[in-house]
Amino acid sequence: MAKNFLSTLRPLSRLATHRIPRPQLISQLPSRAFSATCQRNLMETSGFTDEQLTVRDAIFKVCEQFPDDYWMERDISGEYPHELHAALAKDGWIGIALPEDLGGGGLGISEATMMMHTIAESGAGMQGAQSIHANVYATQPVMKFASKEQRGRFLAKIVSGEWRTCFGVTEPTTGLDTLKLKTRADRLPDGSGYSISGQKIWITNAQIAQKMVLLARTTPLEEVTKPSEGLSMFFIDIDHSKPGFEARRIKKMGGRAVDANEVFFDNYHIPSDALIGKEGQGFKIILHGMNAERSLLAGEALGLGYAALTKATAYAKDRVVFGRPIGQNQAIQHPLAKAFMNLEAAKLATYHAARLYDRSNPDHPDYDRAITQHQVGVACNSAKYVAAEAAFAACETSVMSMGGMGYASEYHVERYMRECFVPRLAPVSREMIMNFIGERALGLPKSY
């Protein structure tokens, strides 16, 4: 696979001493004698690793090919940003958190979060980030629990960009009550595979994806000891021409370049080797993707918030009323300052969560056995919550501070405002995160 960006790279000391050799991959990061990032963006970048900052600079360079008007046009037309996906795949970025032996970068969720953050911050917003989102997080449980043969067969084509994947968990009748999902995977009589029947909803990119990470029940709920048992995870082919599969696009408020779908399975046959890990252990397996998703989505929310605040701050400097820039007025200046501080605080929570996720992995060079999955879950859910709220406040403040121009499409902040509801609603609501924190972090009784 061509990696034009990677041909110019040199290893940094920490990655160069990693036990896995990295001769031609993303880990060979360029020297950073000077970064223009701080000049063109508001976010304070001190405290990040060289790897994260180099990812940030490189992704900004890729995203410079796709200006604001590109994303405005895609939002209007609903056309998937194939060009962005191709540009990222060309330089190996789709596989940033996948192993090198599969063509990936061998980096972590910390670096992947920075990548998604930067895509959103470039002006692409949520729709730009969500166009590749599942390819980064949904592949994590496949990487960890698939057999070596399955990993090679499934993930290499995701990294190369030949395949795209989506994530099939949410159902219309169960919502966040995942353990009661009703989609069934019944073994075929001849033992060759499974028959899938059921319905999923809010499945992003099902129109253009070739694969789906699917959670389905292989043992009826009434036959298991615990509700978390009897669920299995599959990595299935999406074939729109095959009997038993249908994806219906949902019209939505924002991020229209990325399709969201209702997906219907009716006796849809899949082979037995689509099963990832052990049958009945799917819920435990898929959790590894859910915590990664929360971290990535927090980064995307931050990027969106900083993008909106950048527009509003520039406008406040340039817009002159009553003989002075409106940014000189505290009624404009203070809300923007508050939005910035909220984003900076959420940034710290987000990258703390990503770091915990990475260091809880035994294969990570900085593995810390003291970090528990409970701590990772609390950190990732908290980060998703505070980043989503900070992004919403930044987008709302930006629209309001710009007055009528904040409502105009040409300034783009109205598009960010429409998109900022995504991290507040998905993949888990604010209220369910507070339930989780109340019960798991504070030790309070279960409230639902």
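One is the number of the first residue; the rest follow in order along the sequence. Reckoned from all heavy atoms, side chains included, excluding hydrogens, waters and symmetry mates.
- Residues Leu221 and Pro227 meet the side-chain proximity criterion, which asks for heavy atoms closer than 4.5 Å.
- Between Glu171 and Gln199, the side chains place no donor N or O within less than 3.5 Å of an acceptor N or O (distance only, hydrogens not considered).
- Here the CD1-CD1 distance, from Ile96 to Ile109, works out to 9.0 Å after rounding to the nearest 0.5 Å.
- For Glu121, the salt bridge (charged side-chain N to carboxylate O under 4.0 Å, His left out) partners are Arg56, not counting sequence neighbours.
- In this structure, Lys211 satisfies the cation-pi test against Phe235, with its NZ or CZ atom closer than 6.0 Å to the six-membered ring centre and inside 45 degrees of the ring normal.
- Judged by distance alone, with hydrogens and angles left aside, the side-chain atoms of Glu111 form a donor-acceptor pair with the main-chain N or O of Gly108 at under 3.5 Å.
- Salt-bridge check for Asp75 with Arg256: passed, with a basic side-chain N closer than 4.0 Å to an acidic carboxylate O.
- For the residue pair Glu431/Tyr448, the side-chain donor-acceptor check at 3.5 Å is not satisfied.
- Salt-bridge annotation for Glu410 and Arg415: absent, with no side-chain N of the basic residue lying under 4.0 Å from a carboxylate O of the acidic one.
- Between Leu343 atom CG and Leu302 atom CG the span is 6.5 Å, to the nearest 0.5 Å.
- Between the side chain of Glu300 and the backbone N or O of Met116, no donor-acceptor pair lies under 3.5 Å.
- Lys252 places a side-chain N or O within 3.5 Å of a backbone atom of Gly254 that can act as its donor or acceptor partner.
- Pairing each heavy atom of Leu84 with each of Trp71, the nearest pair is CD2-CH2, 3.7 Å.
- The aromatic rings of His117 and Tyr306 sit parallel, their planes meeting at an angle under 30°, below the 60° perpendicular limit.
- In terms of heavy-atom proximity, Leu181 sits nearest to Val169 at CD2-O, 4.2 Å.
- By the salt bridge (charged side-chain N to carboxylate O under 4.0 Å, His left out) test, Glu414 is found to be paired with Arg418, residues two or more places apart in sequence or in another chain being considered.
- Under the salt bridge (Lys or Arg N to Asp or Glu O under 4.0 Å) criterion, the residue pairs touching residues 384-400 are Glu389-Arg424, Glu389-Arg430, with sequence neighbours excluded.
- A distance of 6.0 Å or more separates the ring centres of His133 and Phe167.
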Checking Ile326 against Val320 for the side-chain contact (heavy atoms from CB on, under 4.5 Å) test, could you report, in this order, the C-alpha distance in whole Å, the side-chain angles of both residues, the deciding distance, and whether it holds? CA-CA 6 Å; Ile326 63 171; Val320 175; over 6 Å; no
Could you walk me through whether Arg249 and Asn261 pass the side-chain hydrogen bond (donor to acceptor under 3.5 Å, both in side chains) test, one step at a time? CA-CA 4 Å; Arg249 189 163 183 164; Asn261 300 270; over 6 Å; no
Quick one: do Val378 and Ser382 satisfy side-chain contact (heavy atoms from CB on, under 4.5 Å)? Show the steps, please. CA-CA 6 Å; Val378 168; Ser382 299; 4.1 Å; yes
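- The structure places CD1 of Ile158 at 7.5 Å from OG1 of Thr139, a figure rounded to the nearest 0.5 Å.
- Asn329 and Arg324 are linked by a side-chain donor-acceptor pair at a separation below 3.5 angstrom, with hydrogens and angles left out of the test.
- A donor-acceptor contact shorter than 3.5 Å is absent between the side chain of Glu262 and the backbone of Arg248.
- At distances below 3.5 Å, at least one donor-acceptor pair connects side-chain atoms of Asp259 with backbone N or O atoms of Ala206.
- The shortest side-chain heavy-atom distance between Lys200 and Phe265 falls under the 4.5 Å cut-off.
- When side chains are defined from C-beta on, Pro141 counts as touching Met233, because their heavy atoms get closer than 4.5 Å.
- Contact between Thr350 and Gly299 at its shortest, heavy atoms only, is CG2-N, 3.9 Å.
- Side-chain contact, Asn135 with Thr165: no donor N or O sits under 3.5 Å from an acceptor N or O.
- Side-chain contact check for Ser46 and Glu44: at least one donor-acceptor pair (N or O, by modelled atom type) lies under 3.5 Å.
- At a threshold of 4.0 Å, the pair Lys446-Glu439 does not count as salt-bridged, since none of the basic side-chain nitrogens sits closer than that to a carboxylate oxygen.
- Residues Thr204 and Cys166 are not in side-chain contact: their nearest non-hydrogen atoms beyond the backbone lie 4.5 Å or more apart.
- The number of heavy atoms from other shown groups lying within 6.0 Å of OH (Tyr407) does not exceed 12.
- Between Arg74 and Phe66 the shortest side-chain heavy-atom distance does not fall below 4.5 Å.
- Between Val55 and Trp93, some side-chain heavy-atom pair lies under the 4.5 Å cut-off.
- Atom NZ of Lys284 and atom CG of Leu231 lie 11.5 Å apart (nearest 0.5 Å).
- In terms of modelled atom types and a separation under 3.5 Å, the side chain of Glu100 and the main chain of Gly106 share no donor-acceptor contact.
- No donor-acceptor pair closer than 3.5 Å links the side chain of Ser295 to the backbone N or O of Ala292.
- Nearest heavy atoms, Gln373 versus Asn291: OE1-ND2, 4.2 Å.
- Of all non-hydrogen atoms in Ser131 and Tyr80, the two that sit nearest each other are O-OH, 2.8 Å.
- With hydrogens and angles ignored, the 3.5 Å screen pairs no side-chain donor or acceptor of Ser429 with any backbone N or O of Leu425.
- From Tyr411, atom OH reaches atom OH of Tyr315 across 5.5 Å, with rounding to the nearest 0.5 Å.
- Both tests do not hold together for Arg359 against Tyr357: distance to the six-membered ring centre under 6.0 Å, angle to the ring axis within 45°.
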Show, in sequence, the C-alpha distance, side-chain angles and deciding distance for Leu155 and Met143, and conclude whether the side-chain contact (heavy atoms from CB on, under 4.5 Å) test is met. CA-CA 8 Å; Leu155 297 181; Met143 175 186 71; 4.0 Å; yes
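- Under a 4.0 Å N-O distance rule, the pair Glu344/Lys347 qualifies as a salt bridge.
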Stepwise, does the side-chain contact (heavy atoms from CB on, under 4.5 Å) test hold for Met72 with Tyr70? CA-CA 6 Å; Met72 181 169 67; Tyr70 173 91; over 6 Å; no
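- A salt bridge links Asp68 to Lys311: at least one charged side-chain nitrogen sits closer than 4.0 Å to a carboxylate oxygen.
- For the atom pair Gln207 CD and Ile238 CD1, the distance stands at 9.5 Å (nearest 0.5 Å).
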Would you sort out whether Gln333 and Gln328 count as a side-chain hydrogen bond (donor to acceptor under 3.5 Å, both in side chains), showing the intermediate values? CA-CA 7 Å; Gln333 186 179 121; Gln328 191 173 343; over 6 Å; no
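- For Ala89 against Gly161, the heavy-atom pair with the smallest separation is CB-CA, 3.8 Å.
- At least one side-chain heavy atom of Met290 sits under 4.5 Å from a side-chain heavy atom of Arg294.
- By the 4.5 Å heavy-atom criterion applied to side chains, Pro325 and Lys317 are not counted as neighbours.
- Within a 6.0 Å radius of CE in Met400, no more than 12 heavy atoms belonging to other residues, nucleotides or ligands are found.
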